[in-house]
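Note sheet for the following structure.
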Amino acid sequence: MTADDRQVVRTRYAPSPTGPQHIGGIRSALFGWLFARRHGGQFILRIEDTDQKRFVPGSVEMIQDAFDWLGMDIDEGPEQGGPFGPYIQSQRLELYQTWAHWLVEQGRAYKCFATAEELAQMRAAGQGYDRRYRDLDPADVKRLEAAGKDYVIRFKMPLQGKTSGQDMIRGEVTFDNEQLQDAVLLKSDGFPTYHLAHIVDDHHMEISHITRAVEWLPSFPLHLKIWEALGWRKPQFAHLPVLLNPNGKGKLSKRKGRFAAADGASVPVLVHEFIGAGYLPAAVLNFLTNIGWNFGEEREVFSMSEASARFDLRDVNPANSAYPIAKLDWLNSQYIQSADVDFLASSLKPALQGAGYKVDEARLRRVAPILQVRLKTLNDVIAMAGFFFEDWDCFQPPAAKILFQKKMDDRGTKQVLEAAIPIIEGLADFSHESQYAAFKQLAKEIGFKNGQVFGTLRAAVTGQRVSPPTFETMEILGKAESIRRIKLARDALA
RNA sequence: GGCCCCUUCGUCUAGCGGCCUAGGAUGCCACCCUUUCAAGGUGGAGACACGGGUUCGAGUCCCGUAGGGGCUACCA
């Protein structure tokens with residue numbers, strides 16, 4: 001047993017509060033969360049608000065709401081607290097300052113007095129910061145400080161040699177130290193940069209595995225050197241692949257509609273957009289887990305508890321992937337199909353209400369079962385079954401062109417509708433089975449095909465050409481309402 | 001430009017040297033079922049980027065090329 005095996009697994013998601021929660025961040029968080037759950041460890045939420053300019057009020061709530069909706073439980077964080085708090089970096093400033101200055105004292109970092117203008121010049125000249133303050137005479141440092149000059153603290157990156165580290169997903173990665181810059185650790189406003197802050201926190205919060213997106217891979221050697229300079233035991237690292245736009249070009253954009261999917265439609269990327277589009281949290285989680293990781297057994301549909309029982313960061317595919325959003329519709333329909341009726345009904349309710357329908361819950365529970373195999377998203381209930389919730393005053397008689405079935409005209413249609421009324425009235429048993437038998441008989445008698453008769457009734461009663469099965473629909477609508485609608489349709493004909 | 005990472009059907013993936021005439025899923029097409037739409041069933045088209053090695057044997061290992069992605073801030 002190695003030391004690592006004994007360690008408690010603690011992973012974290014450390015977003016910047018810059019707005020609504022993006023699905024890419026959730027995907028990264030999800031892998032860390034799954035890994036923690038797999039090992040019975042903890043998953044921590046830490047807010048990295050060290051850039052005051054980018055802070056967007058309300059972000060922390062939006063992030064927490066996203067996790068709540070998805071059912072990804074957080075063990076420690078701003079809302080839930082924990083033994084290593086506070087979990088918001090702006091409340092831990094002193095800690096970072098202490099360690100930044102400690103590094104200066106150790107000779108591993110230095111104060112840099114370069115002004116914005118100087119920096120701009122260096123950038124214009126080609127390469128980045130030229131380390132002009134790295135070996136400044138201590139007396140000069142003192143003089144500049146006494147003169148009240150602003151400074152940042154920069155890390156002294158080794159000037160030559162190589163740095164390599166182990167990435168759980170892709171193995172060893174090696175970098176030339178010459179390529180790295182003397183990164184800023186502490187900004188002139190006293191706030192730390194990500195480079196310093198995350199290391200100080202991950203150490204103090206006893207994070208065992210750092211899971212973060214691949215864009216951090218280039219600064220991996222910098223971080224490794226900082227960990228070493230601080231003399232702390234390093235955690236393990238996993239640089240996760242990222243989501244690319246559906247066409248495979250570029251990182252998945254921050255905002256909906258910024259790029260076109262193959263069919264020109266925009267796709268959901270913000271968590272609240274998934275909610276608004278009518279997706280189930282379990283389906284979204286399942287969808288995300290299938291990208292870059294595979295459940296095995298050639299199984300695509302599984303719960304998070306099943307996934308976490310076998311999840312391993314080492315099995316994550318290192319390649320970035322195009323956002324396979326089309327699969328979410330399929331997955332969502334799978335979840336809807338296998339959903340418990342009460343759960344489905346209560347999930348459907350907000351969609352209906354959002355569209356302005358008054359929802360009769362008892363009726364919704366009866367409608368839900370016949371909708372299950374027909375919905376891709378919760379919102380589809382509006383187009384498919386909104387007519388169930390239009391009451392006596394609202395239901396509009398369908399136009400003739402909707403009523404007319406193949407090879408049927410005004411007369412035939414009217415004939416079917418007229419005949420239907422006494423049939424329905426005479427049915428002692430109004431189940432869909434007996435309706436089916438009765439109308440099949442009618443079709444035979446008047447010489448129309450089943451589809452023509454059934455279709456006419458469907459259109460009359462639902463006002464739609466596409467709907468749930470006609471007789472099950474009428475069964476739920478009830479005799480009186482069915483007849484009323486059929487009469488409305490009949491009267492709408494010339 | 002420099003550095004780093006990545007590369008299996010359109011897309012998401014399985015494959016960790018022989019089990020691969022490359023499997024699953026989605027999407028697409030066809031047929032069956034069928035009162036519409038779905039669902040379901042059956043079948044079909046569809047991939048190891050390219051070039052060199054290593055090896056008895058390579059989708060699997062190595063190198064190069066090409067392509068893609070990322071980083072290159074007092075942003076994360």
Side-chain angles (χ1 to χ4, degrees), chain A residues 14-18 48-51 53-54 112 114-116 119 123 126-129 150-154 167 169-170 173-176 178-181 183-195 197-198 212-221 239 241-242 244 246-251 262 287 290-301 315 317-331 333-334 337 370-376 380 383-384 405 436 439-440 443 449-459 462 464-471:
Chain A
S16 290
T18 55
E48 309 216 325
D49 59 342
T50 57
D51 185 1
K53 296 182 292 294
R54 299 206 311 160
C112 168
T115 61
L119 258 11
R123 246 193 308 278
Q127 294 305 313
Y129 176 65
D150 275 351
Y151 65 83
V152 298
I153 290 180
R154 286 182 185 269
D167 178 75
I169 295 171
R170 59 212 94 215
V173 281
T174 304
F175 302 79
D176 270 322
E178 296 177 62
Q179 299 292 335
L180 283 330
Q181 302 219 342
V184 171
L185 261 24
L186 195 70
K187 298 182 258 189
S188 56
D189 62 2
F191 278 70
T193 59
Y194 169 81
H195 301 122
H198 91 275
R212 49 160 43 156
V214 260
E215 46 253 39
W216 292 110
L217 199 52
S219 49
F220 186 26
H239 292 91
V242 296
L244 268 22
N247 59 12
K249 304 283 180 201
K251 253 202 323 182
F287 164 68
N290 270 331
I291 308 170
W293 187 74
N294 185 276
F295 187 82
E297 299 174 18
E298 306 200 323
R299 196 138 82 82
E300 316 282 327
V301 183
D315 295 333
N317 185 335
N320 293 337
S321 44
Y323 190 46
I325 190 66
K327 267 196 170 183
L328 178 58
D329 277 345
W330 172 75
L331 225 24
S333 69
Q334 293 295 306
Q337 272 184 61
I370 62 175
L371 255 29
Q372 280 193 290
V373 295
R374 281 167 250 270
L375 305 179
K376 276 194 168 65
D380 290 343
M384 183 62 72
Q405 301 303 300
Y436 177 78
F439 284 105
K440 201 171 156 184
K449 294 191 164 165
N450 286 350
Q452 291 177 303
V453 172
F454 300 175
T456 301
L457 293 172
R458 170 198 318 288
T462 67
Q464 304 174 177
R465 298 205 77 121
V466 172
S467 80
T470 304
F471 305 125

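Below, chain A is the first sequence line, B the second, and so on; all start at residue 1.
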Across the strands shown, which category fits A/Trp293 at heavy-atom distances under 4.0 angstrom: base, sugar-phosphate, nothing? nothing
Can you tell me if A/Asn247 touches the phosphate of B/rG10, counting only side-chain N or O atoms and a distance under 4.0 Å to OP1 or OP2? no
For B/rG27 and B/rC12, measure between their C1' atoms and round to the nearest Å. 11 Å
With heavy atoms under 4.0 Å as the rule, sort A/Gly296 into base, sugar-phosphate or nothing. nothing
Using a 4.0 Å heavy-atom cut-off across all strands, classify A/Arg299 as base, sugar-phosphate, or nothing. nothing
Base, sugar-phosphate or nothing for A/Leu119? Non-hydrogen atoms, less than 4.0 Å. base
Base, sugar-phosphate alone, or nothing: which one does A/Thr174 contact when heavy atoms must sit under 4.0 Å apart? sugar-phosphate
Taking the side chain of A/Val173 as heavy atoms from C-beta outward, which of B/rU13, B/rC5, B/rA76 is closest to it? B/rC5
If we take the P atom in both B/rA22 and B/rC16, what is their distance in whole Å? 16 Å
State which residues pass side-chain hydrogen bond (donor to acceptor under 3.5 Å, both in side chains) with A/Ser467; sequence neighbours excluded, sorted by chain then number. A/Arg458
Where the side chain of A/Glu298 is concerned, which of B/rA25, B/rC4, B/rG23 is the nearest nucleotide? B/rG23
Residue A/Pro324, side-chain heavy atoms: nucleotide from B/rC74, B/rA76, B/rC12 that is nearest: B/rC12
Between B/rC20 and B/rG15, how far apart are the two P atoms, rounded to whole Å? 14 Å
What distance, rounded to whole Å, do you find between the two C1' atoms, one in B/rC28 and one in B/rG46? 10 Å
Once side-chain hydrogen bond (donor to acceptor under 3.5 Å, both in side chains) is applied, do any residues pair with A/Asp150, and if so which ones, sequence neighbours excluded? none
Specify the separation, in whole Å, of atom NZ of A/Lys249 and atom C1' of B/rU11. 14 Å
Measure from the side-chain heavy atoms of A/Ala319 and tell me the nearest of B/rU72, B/rA76, B/rC6. B/rC6
Taking the side chain of A/Arg54 as heavy atoms from C-beta outward, which of B/rC12, B/rC4, B/rA76 is closest to it? B/rA76
Classify A/Thr462 by what it touches in the nucleic acid, base, sugar-phosphate, or nothing, heavy-atom distance under 4.0 Å. nothing
Over all strands shown, is A/Ala213 touching base, sugar-phosphate only, or nothing at heavy-atom distances under 4.0 angstrom? nothing
Between B/rU36 and B/rC31 - P atom distance, rounded Å: 15 Å
Identify whether any heavy atom of A/Asp150 sits under 4.0 Å from a base atom; if not, whether one sits that close to sugar-phosphate; answer base, sugar-phosphate or nothing. nothing
Is the shortest distance from a Lys or Arg side-chain nitrogen in A/Asp189 or A/Lys187 to a carboxylate oxygen in the other one below 4.0 Å? no
Could you write nucleotides 27-49 of chain B as a row of B, S and -, 5' to 3', where a protein heavy atom under 4.0 Å of any base atom gives B, of only sugar-phosphate atoms gives S, and otherwise -? --------BBBBSS---------
Aromatic plane relationship, A/Tyr194 with A/Trp216 - under 30° parallel, 30 to 60° tilted, over 60° perpendicular: parallel
How many whole angstroms separate atom CZ of A/Arg212 from atom P of B/rC75? 17 Å
Looking at every strand, decide which applies to A/Ser321 at a 4.0 Å heavy-atom threshold: base, sugar-phosphate, or nothing. sugar-phosphate
Strictly below 4.0 Å: does A/Lys187 bring a side-chain N or O up to OP1 or OP2 of B/rA76? yes
Angle between ring planes, A/Tyr436 versus A/Phe471, binned at 30° and 60°: parallel, tilted or perpendicular? perpendicular
Let's see if you can work this out: which of B/rG70, B/rC74, B/rU13 has an atom nearest to the side-chain heavy atoms of A/Arg154? B/rC74
Once you apply a heavy-atom cut-off of 4.0 Å, does A/Pro192 come out as touching a base, just sugar-phosphate, or nothing? sugar-phosphate
Classify the nucleic acid contact of A/Glu300 as base, sugar-phosphate or nothing, counting any heavy atom under 4.0 Å across all strands shown. base
Looking at the side chain of A/Gln179, which of B/rC71, B/rC3, B/rU11 is the nearest nucleotide? B/rC3
